[in-house]
J.: 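Encoded as C-alpha cells, here's the structure I'll be asking about.
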Amino acid sequence: MQEPNIDPKFLKPYDPKETEDRIYKLWEESGFFNPDVCIEKGVTDKNASVFSMVLPPPNVTGTLHIGHASMLTIEDIMVRFARMQGKRTLWLPGTDHAAIATQSKVEKILEKEEGKRKTDLGREEFLKRVEKFAQESHDTIVNQSKKMGASLDWSREAYTLDAKRNFAVRTAFKKMYDDGLIYRGHRIVNWDPKGQTVISDDELVYKEEKTKFYYLKYGPFIIGTARPETKFGDKYVVMHPEDKRYAEYKDGQKIDLEWINGPITATIVKDESIDMEFGTGVMTITPWHSTVDFEIAERHNLEKEQIIDKYGKLLPIAGEFSGMKIKDAREKIIAKLEAKGLVEKIDENYVHNIATAERTDAVVEPQIMNQWFINVNKQIKDRNNKTLKELMLEAVKSGDVNIIPDRFEKVYYNWIENLRDWCISRQIWYGHRIPVWYKGEEIYCGVEAPGGEGWEQDSDTLDTWFSSGLWTFSTLGWPDLNAPDFKTYHPTSMLETAHDIIFFWVARMILMSTYILGEVPFKTVYLQGVVRDAQGRKMSKSLGNAMDPLEVSAKYGTDAVRMSLIVGTGPGNDTKMSEDKIRAYKNYANKLWNITRFVLSSTEFTKYDKDFNKYTERENALVEEVDGLIKEITKEMEEYKFYLVSEKIYQYTWSRFADVIIEQSKEIFLSGTDEDKESRAEFLLSTLIKILKILHPFMPFVTEEIWSLMPIENKKLLIVEEWPKV
RNA sequence: GCGCGAUUAGCUCAGUUGGUAGAGCAACCCGUUUACACCGGGAAGGUCGGGGGUUCGAGUCCCUCAUCGCGCACCA
C-alpha cells in the first residue's frame with residue numbers, strides 16, 4: 001500500500017493533551033451548549049421536544065472530586081444524546097453556597113492561618129472572607145467541569161446565593177409564612193455546640209459509642225441512664241400504665257426522695273411510650289435535652305428545665321457542678337451518687353448511638369429553642385387540603401416522578417413517614433437571611449424590608465437546602481411565571497444525583513415544587529452510586545485514596561476517565577475506580593484513532609456517500625448487523641443504561657470491527673473486484689461514522705477530533721450531528 | 001427492630017425480558033518490513049456464597065441460611 005495521503009496527525013498516537021482544550025473551546029465558540037443558539041443556527045427545531053436538567057450545584061467548599069466527575073459524565077452523556085436526537089436541550093450549571101459547610105471551612109482556615117475566630121472579624125468582614133473563598137472555589141469548579149467535557153450552558157449559570165436566587169428564596173418564604181406553613185416556635189432542636197447553630201435531623205450522623213450505663217436509685221425505683229449529667233432536673237418518673245410491677249404507683253402521685261443535690265419531690269407519670277422490657281421499665285425524663293422526653297412532657301403538660309447551656313456546660317441547677325463541661329462532670333457526679341449510696345450497678349459495656357453534627361463532628365445536644373420550622377403536617381388550602389408530607393408522597397406514588405432505580409422509592413417513602421417539622425433557621429452568617437423583621441412585639445415577614453424606623457431583621461440564616469429546594473425553578477426565572485425559560489423547561493426532564501442526598505435535596509425539591517407550583521420539579525430521578533477505590537473504600541482525603549479527576553485526566557485523557565466511570569456502573573450501584581481501568585480506555589481511544597487511520601488510508605479512492613446502495617451481499621449482512629446493534633443501543637440509551645451501551649460499542653469496535661472486519665478488508669482491498677472494494681470501503685466509512693456518533697456522548701473529545709478529520713462534505717460539529725437512525 | 005444492596009475467573013466488576021457464562025487488569029504460549037506493541041493470534045482460568053423450590057431449561061424467578069456493606073428508627 002502506498003504511503004497514505006491522510007492527515008499526518010494519524011501517524012502519531014492520539015494525544016488528548018493537545019486535543020481537549022482546543023475542542024472544548026471549539027464547542028464553546030459554536031454556542032451549541034445553549035439551546036437558543038442551536039435553534040438560531042438551525043440545528044434544533046424550535047418546536048422540538050424538550051430535554052432539560054439542572055446540574056446538582058457543587059458546594060463551593062473546594063474542588064471537584066471523582067464523584068463529581070462521575071456525575072458530570074453521566075449527565076453529559078444524557079445531554080449530548082438528547083442534543084444529537086434533535087431535542088431542545090438545556091443543561092443548566094450552578095454552584096451551591098452550602099451555608100454551614102462553606103462557613104465552617106473558612107472558619108477552619110481562619111483559625112489555622114491567622115489564629116482568629118469569626119467573631120474577631122465581625123459579621124461583615126467575615127462574610128467578605130467567605131465570599132472570596134467561595135469565588136475561588138467557584139472558578140476552580142467551573143474550570144474542572146470544562147476539563148471533564150461537560151456541555152453545560154454557561155450563559156445561564158446560577159448561584160444558590162446570588163441576587164436572583166435570593167429573591168426567589170424571599171418570595172418562597174413569604175408564601176409559606178402567609179400560608180402558615182412556616183412558623184416560629186419553642187421546640188426541641190439539634191444544637192451543635194461547636195458550630196453554635198441548630199441543624200436539621202438529616203444533618204445528624206449517628207456514631208456507635210461504648211460507654212458506661214448507670215443504674216441509679218431514684219426513691220423506690222431503679223432508673224438506668226448513660227447520661228447522669230442531665231439528671232439534675234429530673235422530677236418526673238415515668239412508667240408504662242400497664243406495667244404490673246409498678247401498679248401501686250398512681251399517675252400524678254408525689255414521692256419524696258433523696259437525689260444528687262439533696263431531697264426532691266418527684267411526680268409519677270404513666271405513659272405508653274415506655275418500653276417495659278428496657279432496663280427496669282422506669283425512667284426519669286429530661287425534656288429540655290431529649291426529643292422523646294420532650295414529647296412525653298408535651299403530652300402530659302410537664303415543666304421543662306434547661307440543664308446544659310449552649311456551650312455544653314452545666315447551668316446553676318447543677319449546684320456544685322455548675323459551669324463544668326458535661327464530660328468532666330459525669331464521673332464526679334457518679335462519685336457523689338456513690339458516696340450517697342445511690343448507685344445500684346454500673347454496666348461497663350453499653351453501646352449506644354450518639355448523634356454528631358455532619359459538618360463539625362461535635363456531639364449534638366438537644367435543646368429547646370425558639371427557631372423557625374416548616375410544618376409538614378398542616379393542610380394546605382390551595383393544594384386540596386393536602387399536607388406537605390402528602391404532596392411529597394403523592395408525587396412519587398402517582399408516577400409523576402419516576403425514581404431510577406426504583407428500590408429508592410421505598411427509601412423515600414420511609415423517610416417521609418418518619419419526617420418531623422423541618423427546622424430551617426441557622427445561627428450562622430453565610431446564607432440567606434430570614435426575611436422577617438421585628439420591632440418590639442411586632443413581627444413582619446415580607447419579600448422586602450418594611451418601611452419605617454426601628455425594624456430589625458432576624459439575625460438567623462436559612463438552611464442551605466431551603467434555597468436548593470427551589471433550584472429547578474429559581475434558575476429558570478421564577479417567581480416570574482411568564483419567564484420564557486420557566487415556561488419552556490419546567491418541570492425539568494431529569495434530575496441526576498448521588499443517592500446519598502435523596503432526602504436533603506431530592507425530597508426538598510419535590511416539597512417546594514409541588515407546594516409552590518403545583519407541579520413536580522422533574523419527571524425522572526436517576527440516582528448514581530458512590531465512587532470507591534479499587535478496594536471498595538469510599539474515596540476520601542483522610543484515607544489518602546482520593547483520586548483527583550484532573551490528575552488522571554491529564555495522564556490518560558478525559559475520554560478514558562469518562563469511559564472508566566461509566567462501563568459497568570448501573571444506577572444506584574457504587575463504582576470502583578482504578579488506574580488500570582482508566583488505562584484500558586486510553587488504549588481504546590488510541591485504537592479508535594488507528595482504526596480511523598486505516599479506514600481513511602485504505603478508502604482514499606472512494607468518497608463517503610450516505611445514500612450508497614450498491615453493497616454486495618457480504619456488506620449488506622454487515623450493515624444489518626451493525627444496524628441491529630444501533631437499534632439495541634438506542635433503546636438502552638433511552639432507558640439510561642449507559643453501562644451497557646458503553647460496553648457494547650467498545651466490544652463491537654474492537655473485537656468485531658477492528659479485529660475481524662478490518663483484518664478481512666486487507667485481503668479484499670488487495671485482491672477483490674472493484675465492486676467488492678467499493679462496497680467494503682463504503683461500509684468501513686459509514687460504519688466508522690456511526691461508531692463516532694454513538695461514542696460521542698461517552699468520549700466527546702476524541703470523537704469530535706476524528707470527526708473533524710473525516711472527508712465528509714458540509715458536516716456540522718459532531719456535537720450537533722444526528723444520532724444514527726436505523 | 002424495620003428495610004435495602006452485594007456475594008460470578010487470581011483481582012475489580014458486567015451479564016437488559018430465564019435459553020451454550022463475559023470484559024478490564026494479572027498470569028501463560030506464539031508473533032514485530034502488519035492501521036495500531038497504547039498491538040495481533042492462541043491457550044488457560046468459573047460446580048455464578050450454601051441449601052431447597054418453580055421450570056423442558058435458573059447466574060437470572062421464589063423460599064431459606066451465611067458473610068459483608070448501607071439506610072432508617074430506637075437507644076431511659
Side-chain angles (χ1 to χ4, degrees), chain A residues 1 4 6 10-14 201-202 206 208-209 211 213-216 218 222-227 230-231 234 237-239 273-275 278-286 290-293 296 350-355 405 407-408 410-415 417-419 499-500 502-503 529-530 532-538 556-557 560 563-564 567-570 572-602 632 635-636 639 641 643-648 650-651 654-655 658-659 662-663 665-666:
Chain A
M1 205 182 301
I6 59 164
F10 284 110
L11 298 175
K12 284 185 286 181
Y14 171 62
D201 293 343
D202 297 286
Y206 289 96
E208 265 197 2
E209 190 193 53
T211 184
F213 192 79
Y214 308 94
Y215 290 91
L216 308 174
Y218 189 81
I222 304 291
I223 57 158
T225 183
R227 301 198 57 192
T230 64
K231 296 287 153 199
D234 288 14
V237 57
V238 193
M239 58 210 71
S273 68
I274 298 296
D275 179 358
F278 190 92
T280 56
V282 184
M283 71 173 201
T284 60
I285 57 166
T286 315
S290 155
T291 310
V292 176
D293 294 4
I296 293 173
Y350 181 69
V351 177
H352 73 152
N353 286 332
I354 50 166
R407 60 187 155 92
F408 282 102
K410 264 192 183 175
V411 179
Y412 176 82
Y413 297 143
N414 182 255
W415 177 80
E417 275 163 34
N418 293 311
L419 187 63
H499 65 70
D500 56 352
I502 181 167
F503 309 138
V530 177
R532 296 172 183 278
D533 72 3
Q535 279 86 49
R537 298 173 305 177
K538 205 166 175 170
Y556 301 102
M563 273 299 267
S564 67
V567 177
T569 306
N573 293 341
D574 293 351
T575 318
K576 286 191 188 157
M577 274 298 274
S578 66
E579 288 208 20
D580 278 347
K581 196 173 173 186
I582 305 175
R583 196 178 301 118
Y585 294 104
K586 175 188 160 63
N587 294 351
Y588 178 55
N590 194 54
K591 187 75 182 179
L592 209 60
W593 193 249
N594 283 301
I595 285 171
T596 310
R597 176 179 169 187
F598 175 85
V599 171
L600 293 187
S601 62
S602 58
E632 247 175 70
K635 184 166 169 272
E636 285 160 357
E639 291 165 351
K641 290 174 179 166
Y643 57 109
L644 289 178
V645 174
S646 51
E647 178 109 40
K648 278 184 182 172
Y650 173 89
Q651 288 306 325
W654 202 311
S655 309
D659 290 350
I662 284 185
E663 286 308 318
S665 305
K666 291 175 185 170

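Each chain gets a letter, A, B and so on, in the order its sequence line appears, and its residues count up from 1.
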J.: Just the rounded figure in Å: distance from P of G24(B) to CD of Glu579(A).
T.: 19 Å
J.: Of the non-hydrogen atoms in Thr211(A) and Ala226(A), which two are nearest, and what is the gap between them?
T.: CG2-CB, 4.4 Å
J.: Applying side-chain contact (heavy atoms from CB on, under 4.5 Å), can you list everything that pairs with Leu216(A), at least two apart in sequence or on another chain?
T.: Tyr214(A), Ile223(A), Thr225(A), Trp259(A), Ile334(A), Leu337(A), Val343(A)
J.: From CE of Met283(A) over to P of C74(B), roughly how many Å is that when rounded to an integer?
T.: 12 Å
J.: With sugar-phosphate meaning primed atoms plus P, OP1 and OP2, does Phe10(A) contact a base, only sugar-phosphate, or nothing at under 4.0 Å between heavy atoms?
T.: nothing
J.: Distance check, P atoms only: C25(B) and G19(B), in whole angstrom units.
T.: 28 Å
J.: With a cut-off of less than 4.0 Å, is there a side-chain N or O of Lys666(A) near OP1 or OP2 of A35(B)?
T.: yes
J.: State, to 0.1 Å, how close Asp234(A) and Thr230(A) come at their nearest heavy-atom pair, and which atoms those are.
T.: OD1-O, 3.5 Å
J.: Mind checking which stems touch RNA chain B? I mean at least 3 consecutive Watson-Crick or G-U pairs, both distances under 3.5 Å.
T.: B:1-7 with B:66-72, B:10-13 with B:22-25, B:28-31 with B:39-42, B:49-53 with B:61-65
J.: Of all the nucleotides listed (C75(B), A14(B), G71(B)), which has the minimum atom distance to the side chain of Phe503(A)?
T.: G71(B)
J.: Give me the distance, rounded to whole Å, that separates G18(B) from G59(B) when you measure between the P atoms they each carry.
T.: 13 Å
J.: Hey, does the side chain of Lys581(A) come within less than 4.0 Å of U12(B)'s phosphate (OP1/OP2), counting only N and O?
T.: no
J.: Find which nucleotide of RNA chain B each of Phe213(A) and Glu636(A) is nearest to by heavy atoms, and output the residue with the more 5' nucleotide.
T.: Glu636(A)
J.: If you only use heavy atoms from C-beta on, which nucleotide in A35(B), G15(B), G24(B) is closest to the side chain of Leu644(A)?
T.: G15(B)
J.: Closest approach of Asp293(A) and Thr284(A), non-hydrogen atoms and distance?
T.: OD2-O, 4.3 Å
J.: Run the ring pair (Phe, Tyr, Trp, His ring centres under 6.0 Å) test against Tyr412(A) and tell me which residues pass, sequence neighbours left out.
T.: none
J.: Pick base, sugar-phosphate or nothing for Ile285(A), based on heavy-atom distances below 4.0 Å to the nucleic acid.
T.: nothing
J.: Could you measure between the two P atoms, the one in U16(B) and the one in A6(B), and give it in whole Å?
T.: 12 Å
J.: For the side chain of Phe598(A), counting heavy atoms from C-beta on, which of A35(B), A14(B), G24(B) is nearest?
T.: A35(B)
J.: Using whole Å, report how far OH of Tyr206(A) lies from P of C2(B).
T.: 19 Å
J.: Among residues at least two apart in sequence or on other chains, which ones pass side-chain contact (heavy atoms from CB on, under 4.5 Å) with Phe10(A)?
T.: Ile6(A), Asp7(A), Trp593(A), Thr596(A), Arg597(A), Leu600(A), Leu709(A)
J.: Tell me every residue that passes side-chain contact (heavy atoms from CB on, under 4.5 Å) with Glu208(A), counting only those two or more places apart in sequence or in another chain.
T.: Val351(A), Asn353(A)
J.: Rounding to an integer number of angstrom, what distance separates G49(B) and A9(B) when you compare their C1' atoms?
T.: 15 Å
J.: Rounding to the closest angstrom, what is the interatomic distance between C4(B) and C65(B) at atom P?
T.: 14 Å
J.: Using the C1' atom in both, what is the distance from U8(B) to G22(B), to the nearest Å?
T.: 10 Å
J.: Identify each atom pair where a protein N or O and an N or O of nucleotides 39-43 of chain B are less than 3.5 Å apart, giving names and distance.
T.:
from	atom 1	to	atom 2	distance (Å)
C39(B)	OP1	Asn587(A)	ND2	3.2
C39(B)	O3'	Lys591(A)	NZ	3.2
G40(B)	OP1	Lys591(A)	NZ	3.2
G40(B)	OP1	Trp654(A)	NE1	2.3
G40(B)	OP1	Asp659(A)	OD1	3.4

J.: Over how many whole Å does the gap from Arg227(A) atom CZ to C74(B) atom P extend?
T.: 16 Å
J.: What is the ring orientation for Tyr588(A) with Tyr585(A), classed by angle as parallel under 30°, tilted 30 to 60°, or perpendicular over 60°?
T.: perpendicular
J.: Across the strands shown, which category fits Lys12(A) at heavy-atom distances under 4.0 angstrom: base, sugar-phosphate, nothing?
T.: nothing
J.: Calculate the interatomic distance between Asn418(A) atom CG and A73(B) atom C1'; express it in whole Å.
T.: 6 Å
J.: In whole angstrom, give me the gap between the P atoms of C61(B) and U17(B).
T.: 8 Å
J.: Could you give the CZ-to-P distance, from Arg583(A) to C38(B), as a whole number of Å?
T.: 12 Å
J.: For the residue pair Ser564(A) and Ile582(A), what are the closest heavy atoms and their distance?
T.: OG-CG1, 3.4 Å
J.: In whole Å, what is the span from the CG atom of Asp201(A) to the C1' atom of C74(B)?
T.: 14 Å
J.: Among the candidates G71(B), C75(B), A23(B), find the nucleotide nearest to the side-chain atoms of Gln651(A).
T.: A23(B)
J.: Do any side-chain nitrogens or oxygens of Tyr643(A) fall under 4.0 Å of OP1 or OP2 in G15(B)?
T.: yes
J.: Of all heavy-atom pairs between Tyr556(A) and Glu579(A), which one has the smallest distance, and what is that distance?
T.: OH-OE1, 2.6 Å
J.: May I ask you to say what Val351(A) touches in the nucleic acid, namely base, sugar-phosphate or nothing, with a heavy-atom cut-off under 4.0 Å?
T.: nothing
J.: What integer number of Å spans the C1' atoms of A58(B) and C75(B)?
T.: 43 Å
J.: Choosing from C36(B), C74(B), G3(B), which nucleotide comes nearest the side chain of Lys410(A)?
T.: G3(B)
J.: Looking at C36(B), C25(B), C75(B), which one has an atom nearest to any side-chain atom of Asp580(A)?
T.: C25(B)
J.: Taking the side chain of Arg407(A) as its heavy atoms from C-beta onward, which of C4(B), A35(B), G24(B) lies nearest to it?
T.: C4(B)
J.: Taking the inter-plane angle between the rings of Tyr350(A) and Phe213(A) on a 0 to 90° scale, is it parallel (under 30°), tilted (30 to 60°) or perpendicular (over 60°)?
T.: tilted
J.: Quickly work out the Tyr412(A) OH to A73(B) C1' distance and round it to whole Å.
T.: 19 Å
J.: If every non-hydrogen atom of Ile502(A) is compared with every non-hydrogen atom of Phe408(A), which pair is closest and at what distance?
T.: CD1-O, 3.9 Å
